[in-house]
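What follows is one structure encoded as structure tokens, with my remarks underneath.
These figures come from a predicted structure and were not determined experimentally.
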Amino acid sequence: MKNISLNTTKASCFLAEGAVAAFEPQVKAAQEALEKGTCPGNDFLGWLHLPSSISAEFLGEIEATAKVLRDNCEVVVVAGIGGSYLGARAVIEALGNSFGWLQQPKPVILFAGNNIGEDYLSEMIDYLKTKKFGVINISKSGTTTETALTFRLLKKQCEAQRGKEEARKVIVAVTDAKRGAARTCADKEGYKSFIIPDNVGGRFSVLTPVGLLPIACAGFDIRQLVAGAQEMEKACGKDVPFDENPAAQYAAVRNALYQNGKKIEIMVNYQPKLHFMSEWWKQLYGESEGKDKKGIFPASVDFTTDLHSMGQWIQDGERTIFETVISIEEPERKLLFPEDEENLDGLNFLAGKRVDEVNKMAELGTQLAHVDGGVPNMRISVPRLNEYYLGQLIYFFEIGCGISGNVLGVNPFNQPGVEAYKKNMFALLGKPGYEADTKAIKERLAAE
């Protein structure tokens with residue numbers, strides 16, 4: 001089978017000759033540091049060889065639990081935030097029917113615990129009142145505000161509607177092995193549980209139960225997803241030559257562009273199904289590289305839709321950007337453009353062509369226009385939009401992120417800045433233990 005591939009020609013042409021090759025020593029050193037565990041954040045490298053360590057027995061356990069939920073639920077709510085839900089949602093949205101919510105698939109997969117919107121949560125509770133639903137609660141600590149608040153609501157509602165014994169069968173915890181509120185709750189209530197490995201951070205956790213269980217509940221083939229990731233683990237190994245290693249090339253080109261003033265990377269897709277893959281990618285790279293006043297800002301657009309809005313800025317705005325395009329070579333369906341006798345729209349020249357051919361020409365035409373306009377372009381070609389190639393894409397971005405962050409000179413595996421808003425929020429809400437912060441914030445607000 002083919003692998004996904006990376007073409008950097010339309011990006012490296014914006015760099016001096018040899019600029020990408022000059023990064024080879026740094027990229028090799030960065031990957032060597034990952035392998036030897038000598039890099040910053042080396043206690044969070046469990047994702048590095050995770051694909052090749054996943055056993056058939058482990059996948060069988062995931063599938064068995066997913067079957068219990070599928071057989072007993074009309075709806076499964078995935079409660080989690082950030083890396084605890086984005087990877088699963090990216091895969092489920094990419095593989096699912098775009099209008100699946102109209103076709104009532106079984107079960108419907110909902111995502112909650114990723115915001116504190118009162119209307120959102122209230123509307124979800126109303127929707128679930130007439131549904132047999134289950135919950136996958138994903139939280140290492142069990143105290144993350146957004147997820148904990150949501151799970152408390154869902155747990156009470158599920159028990160009220162289905163009874164405590166039945167609820168116990170359809171609530172699953174994905175959490176720490178020994179510590180935290182979610183672990184304590186799971187053990188006390190007797191929930192089926194899966195472990196989030198201590199050495200795998202949330203944004204790198206798609207191939208743990210964090211992502212695998214919701215994906216299996218949605219009815220997709222997690223064995224193929226893992227097989228694709230395993231293949232990409234080999235293709236991006238430390239012994240693969242620099243010129244043949246797609247993750248090494250990606251890390252080198254983006255760092256070379258960054259050194260040349262390209263501060264924003266825009267992830268582009270031409271398939272609406274890939275919207276949440278871009279959202280997952282934004283968290284992966286933003287939370288990993290945005291440190292020490294450094295880092296490429298990750299943004300995303302859905303083309304051709306956003307060509308009618310953001311396309312103007314990309315074409316003619318400040319030249320601090322580059323694009324990385326995910327291109328799906330062959331769609332899963334075939335649709336021909338019809339002929340019309342009156343031809344009022346003037347589109348009969350497209351009659352008989354596949355809609356995807358029109359989309360591909362839009363993709364090529366846009367690349368030519370943007371490159372001419374001064375925007376470097378990289379292109380990731382994905383043969384098909386299926387589990388196997390999504391597994392490849394996930395691991396490619398993960399290893400590329402680990403290498404790139406090390407080349408940049410930051411710790412790609414921590415997120416110290418994320419805690420700042422939490423401290424202020426808890427102080428403003430009067431959480432016990434934050435009294436001094438509450439007083440300081442009140443004084444500051446009064447002064448302003």
Side-chain angles (χ1 to χ4, degrees), residues 50-51 53-80 83-97 100-101 103-114 128 131-140 147 150-151 154-155 158 161-162 165-177 182-183 185-186 189-197 200 202 205-230 276 280 386-388 390-391 394:
L50 179 62
S53 73
I54 296 174
S55 68
E57 291 75 19
F58 174 72
L59 293 176
E61 185 182 358
I62 295 277
E63 290 165 338
T65 302
K67 186 177 188 305
V68 171
L69 290 168
R70 288 175 59 79
D71 289 346
N72 292 279
C73 300
E74 298 170 276
V75 178
V76 174
V77 185
V78 180
S84 293
Y85 95 102
L86 275 172
R89 188 165 191 178
V91 174
I92 290 169
E93 297 271 350
L95 297 175
N97 187 298
W101 55 280
Q103 299 176 10
Q104 295 300 310
K106 187 186 178 210
V108 172
I109 308 295
L110 297 183
F111 295 91
N114 50 69
L128 293 173
K131 301 291 189 294
K132 293 171 66 177
F133 74 91
V135 183
I136 302 174
N137 185 39
I138 305 173
S139 176
K140 186 168 278 192
T147 305
T150 299
F151 179 64
L154 291 169
K155 178 178 182 291
C158 189
Q161 290 178 207
R162 306 192 70 163
E165 284 302 313
E166 185 69 19
R168 186 175 289 119
K169 298 176 184 177
V170 294
I171 297 177
V172 180
V174 183
T175 187
D176 190 87
R183 168 50 60 194
C185 178
E189 299 289 353
Y191 299 149
K192 173 68 179 176
S193 65
F194 291 93
I195 294 169
I196 303 173
V200 179
S205 67
V206 191
L207 300 173
T208 73
V210 168
L212 294 177
L213 182 58
I215 292 165
C217 280
F220 300 117
D221 190 341
I222 57 174
R223 293 175 187 263
Q224 279 297 300
L225 187 79
V226 169
Q230 289 171 342
F276 273 94
W280 170 77
N386 61 24
E387 291 94 333
Y388 183 78
L390 284 174
I394 287 165

Given the rule in the side chain to side chain contact (heavy atoms under 4.5 Å, CB included) test, do Leu69 and Val172 qualify, once you have shown the distances and angles that lead to the verdict?
-> CA-CA 9 Å; Leu69 290 168; Val172 180; 4.0 Å; yes

To the nearest 0.5 Å, how far apart are [atom1] in [X] and [atom2] in [Y]?
{"X": "Thr175", "Y": "Lys140", "atom1": "OG1", "atom2": "NZ", "answer": "8.5 Å"}
{"X": "Thr150", "Y": "Phe111", "atom1": "OG1", "atom2": "CZ", "answer": "13.5 Å"}
{"X": "Leu95", "Y": "Asp221", "atom1": "CG", "atom2": "CG", "answer": "10.0 Å"}
{"X": "Arg162", "Y": "Phe133", "atom1": "CZ", "atom2": "CZ", "answer": "8.5 Å"}
{"X": "Ile92", "Y": "Cys217", "atom1": "CD1", "atom2": "SG", "answer": "8.0 Å"}

Sidechain N-carboxylate O distance under 4.0 Å for Glu63, Arg223 | yes

Could you tell me whether Glu189 and Lys155 have a side-chain N and a carboxylate O separated by less than 4.0 Å?
-> yes

I'd like to know if the side chain of [X] and the backbone of [Y] have a donor-acceptor N/O pair within less than 3.5 Å.
{"X": "Glu387", "Y": "Ile222", "result": "no"}
{"X": "Arg183", "Y": "Ser193", "result": "no"}
{"X": "Gln224", "Y": "Gly391", "result": "no"}

Partners passing side chain to side chain donor-acceptor pair (under 3.5 Å) against Glu93 (at least two apart in sequence or in another chain) | Arg89

Which residues pass the side chain to side chain donor-acceptor pair (under 3.5 Å) test with Lys67, sequence neighbours left out?
-> Asp71

Got Leu212 and Phe58 here, is their nearest side-chain heavy-atom distance under 4.5 Å?
-> yes

Mutual orientation of the aromatic rings belonging to Tyr191 and Phe151 [parallel < 30°, tilted 30-60°, perpendicular > 60°] = perpendicular

Check the pair Gln230, Leu225 against side chain to side chain contact (heavy atoms under 4.5 Å, CB included), reporting the backbone distance first and the verdict last.
-> CA-CA 9 Å; Gln230 289 171 342; Leu225 187 79; over 6 Å; no

What is the minimum heavy-atom distance between Val76 and Pro107, and which atoms define it?
-> CG2-CG, 3.9 Å

